[in-house]
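Here's the structure we're looking at; comments come further down.
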Protein chains: 2
Amino acid sequence: MDNSLPSTEERILEAAKKVFHTRGFEGARMQEIANEAGVNKALVHYYFRNKENLFKAVFEDAFRRVVAKVKEIFVSDLTFPEKIETFLKYYISYLSQNSYLPLFIINSMYEKPGQLKEILDKIDFSPETLLVGIREQVRDELHLDIDPFHVYINILSLCIFPVVARPLIQTIFSYSNEQMTRFYEERTTETPVFILNALKGYENNSAK
Amino acid sequence: MDNSLPSTEERILEAAKKVFHTRGFEGARMQEIANEAGVNKALVHYYFRNKENLFKAVFEDAFRRVVAKVKEIFVSDLTFPEKIETFLKYYISYLSQNSYLPLFIINSMYEKPGQLKEILDKIDFSPETLLVGIREQVRDELHLDIDPFHVYINILSLCIFPVVARPLIQTIFSYSNEQMTRFYEERTTETPVFILNALKGYENNSAK
DNA sequence: GTCTATATTGTGATAGAC
DNA sequence: GTCTATCACAATATAGAC
């Protein structure tokens, strides 16, 4: 484990994460990043040369983290229901700490479409790994034969959207922060039930 | 019906929608809006005074449209399964034409949290209308007694997230535009099945 | 109402001392 | 490596002619 104090470069990167995640590329200010890191603006340029480079570093870090966590859960020895439960439990707690992360990644894809391609080549990530795992488990454990791709997207939708749309939900329904916390706690148990119910419903039709 | 040619003010607003929707508040440039409208930059300020005002007008327009459409479907005489199918069919076609709209609204809530409050007061919109309708139908048509709020969020999640995350999905899975079109077509029929299956699954447990 | 020209401020980036 | 000072330009906004 690394117990040393964070280097200047690390402090700048941490500050950049905070600012880019919440404000996006266009909204971020190099000045604010410098302030957040407790250094001068010029020093930010010294380490990362320009805004574009710094953003790239932040985006890659964010994507790596999310992928690593998803893989950690979905590529494991757990049963399918356990995976869904674990995945949701992880997302509630992880995203409540990093509620800006998924929206940051989504927005970055619109602002800088090409950037993900480079990253995908660099890191060890094949979407097939995830899909194959789901396909086999849905078939062997639940005895269903349905497209795992839609199942996968459905699971992600039900996990991520409620977090991403939090300010919208909270405003429209006039929920307090405490009510929102309870809402997300409820989803931890309710969402797996919803998903597994849906999958069981296919049993009648998929006997082909 | 209004057959007259669009006024200058209308042309500017249309241009502003296009630019704000795709680039967000920070990314938008008054110059680009002026170009898009075919007028001079100064004229944009003449009609809307500043960027903030123009953005407000665009955001309000977007929110009104989305709410109007959701109400049109959910507050109707259709049965619950019909509502879900209609809603999804509408969203596939509507969002494929305006794929930037939901993300624009979500982002605006982070950038300008207070703005929605004003709008909600102005327009005729009560979230209870939507929830009450769902609650009654789930109970009377499907004979279930579950929280309509989570059902409502689940439906929205399954509709909106796949559209919002399109660039991410397309890049990760290396899908062509044609494959993405087919993906969304599939969802039009698959998502209602998924949702209704999930709801039926509650029948066993909710006999209290 | 619509334009050109300009004011004014903000912001990414660099030069150069220490 | 870290700072201060400054450049260069981009972007919002306004003044004033027509």
Side-chain angles (χ1 to χ4, degrees), chain A residues 2-62 104 107-108 110-115, chain B residues 2 4-62 100 104 107-108 110-115:
Chain A
D2 187 6
N3 284 324
S4 59
L5 289 173
S7 68
T8 304
E9 184 170 355
E10 286 164 347
R11 287 210 331 273
I12 292 173
L13 186 61
E14 282 305 310
K17 282 189 209 175
K18 194 167 170 182
V19 175
F20 277 128
H21 285 179
T22 52
R23 302 204 190 282
F25 180 80
E26 295 288 348
R29 297 290 168 256
M30 297 299 269
Q31 183 64 62
E32 191 181 353
I33 293 170
N35 292 346
E36 192 74 38
V39 298
N40 192 276
K41 219 171 35 163
L43 210 55
V44 180
H45 283 90
Y46 173 78
Y47 279 106
F48 293 91
R49 225 191 59 200
N50 57 33
K51 193 179 179 181
E52 198 81 26
N53 270 342
L54 185 50
F55 180 81
K56 229 179 233 179
V58 170
F59 178 63
E60 180 165 340
D61 176 274
F104 168 72
N107 278 325
S108 303
Y110 284 88
E111 286 188 327
K112 317 270 173 191
Q115 215 143 96
Chain B
D2 187 7
S4 59
L5 289 173
S7 67
T8 304
E9 185 170 355
E10 287 165 346
R11 288 211 330 274
I12 292 173
L13 187 60
E14 282 305 310
K17 282 188 210 175
K18 194 167 171 182
V19 176
F20 277 128
H21 286 178
T22 51
R23 302 205 190 281
F25 179 79
E26 295 288 349
R29 296 289 168 256
M30 297 299 269
Q31 183 64 62
E32 191 181 353
I33 292 171
N35 292 345
E36 192 74 36
V39 298
N40 192 277
K41 224 176 17 168
L43 211 54
V44 180
H45 282 90
Y46 172 78
Y47 280 105
F48 293 91
R49 229 194 56 198
N50 57 34
K51 192 179 179 181
E52 197 82 24
N53 269 342
L54 185 51
F55 179 80
K56 230 179 231 180
V58 171
F59 179 61
E60 180 165 340
D61 177 274
Y100 41 76
F104 169 72
N107 278 325
S108 302
Y110 283 89
E111 286 188 328
K112 316 269 175 192
Q115 215 143 94

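Lettering follows sequence order; numbering is per chain, from 1.
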Nearest-angstrom distance from the residue atom [atom1] of [X] to [atom2] of [N]:
X: B/E26; N: C/dT11; atom1: CD; atom2: P; answer: 8 Å
X: A/E52; N: C/dT11; atom1: CD; atom2: C1'; answer: 15 Å
X: A/N50; N: D/dA8; atom1: CG; atom2: C1'; answer: 16 Å

Are there any protein N/O atoms within less than 3.5 Å of an N/O atom in nucleotides 3-7 of chain D, and if so, which ones and at what distance?
from	atom 1	to	atom 2	distance (Å)
D/dC3	OP2	A/N40	N	3.2
D/dT4	OP2	A/N40	ND2	3.0

**Overall bend - the helix from C/dG1-D/dC18 to C/dC18-D/dG1, comparing terminal axes fitted on five pairs, nearest 10 degrees** = 10°
**Asked** Just to confirm, is there a sub-4.0 Å distance from OP1 or OP2 of C/dA13 to any side-chain nitrogen or oxygen of A/H45?
**Response** yes
Shortest non-hydrogen contact from [X] toward [Y]:
X: B/G27; Y: A/E26; value: CA-CG, 3.6 Å
X: B/I12; Y: B/A37; value: CA-CB, 3.9 Å
X: B/R23; Y: B/A28; value: CB-N, 3.8 Å

**Request:** Return the nearest nucleotide to the side chain of A/Y46; candidates are D/dT2, D/dA13, C/dG12.
**Result:** D/dT2
**Asked** Only one of A/L13, A/V44, A/V39 clears side-chain contact (heavy atoms from CB on, under 4.5 Å) with A/T8; which?
**Response** A/V39
Would you please name every residue forming a side chain to side chain donor-acceptor pair (under 3.5 Å) with [X], sequence neighbours left out?
X: A/E111; answer: none
X: A/N40; answer: none
X: B/E14; answer: B/K17

**Message:** Tell me every residue that passes side-chain contact (heavy atoms from CB on, under 4.5 Å) with A/A16, counting only those two or more places apart in sequence or in another chain.
**Reply:** A/F20, A/I33, A/L54, A/V58
**Prompt:** Listed by chain and number, what are the side-chain contact (heavy atoms from CB on, under 4.5 Å) partners of B/P6, not counting sequence neighbours?
**Reply:** B/E10, B/R11
**Asked** Heavy-atom contacts under 4.0 Å between residues 27-35 of chain B and DNA chain C, which residues?
**Response** none
**Complete:** Numerically ordered, the residues 8-21 of chain A set in heavy-atom contact under 4.0 Å with DNA chain C is none
**Prompt:** Just checking A/Y47: base, sugar-phosphate only, or nothing, at a heavy-atom cut-off of under 4.0 Å?
**Reply:** sugar-phosphate
**Request:** Kindly state each residue pair satisfying salt bridge (Lys or Arg N to Asp or Glu O under 4.0 Å) with at least one member in residues 33-47 of chain B, sequence neighbours excluded.
**Result:** B/K18-B/E36
**Distance (rounded to the nearest 0.5 Å) between A/E9 CD and A/L43 CG** = 10.0 Å
**Request:** Can you tell me which residue pairs pass the side chain to side chain donor-acceptor pair (under 3.5 Å) test with a partner in residues 49-58 of chain B, sequence neighbours excluded?
**Result:** B/E52-B/K112
**Request:** Only pairs at least two apart or in different chains count here, so list each ring-ring contact (aromatic ring centres under 6.0 Å, His included) that has a residue in residues 27-54 of chain B.
**Result:** none
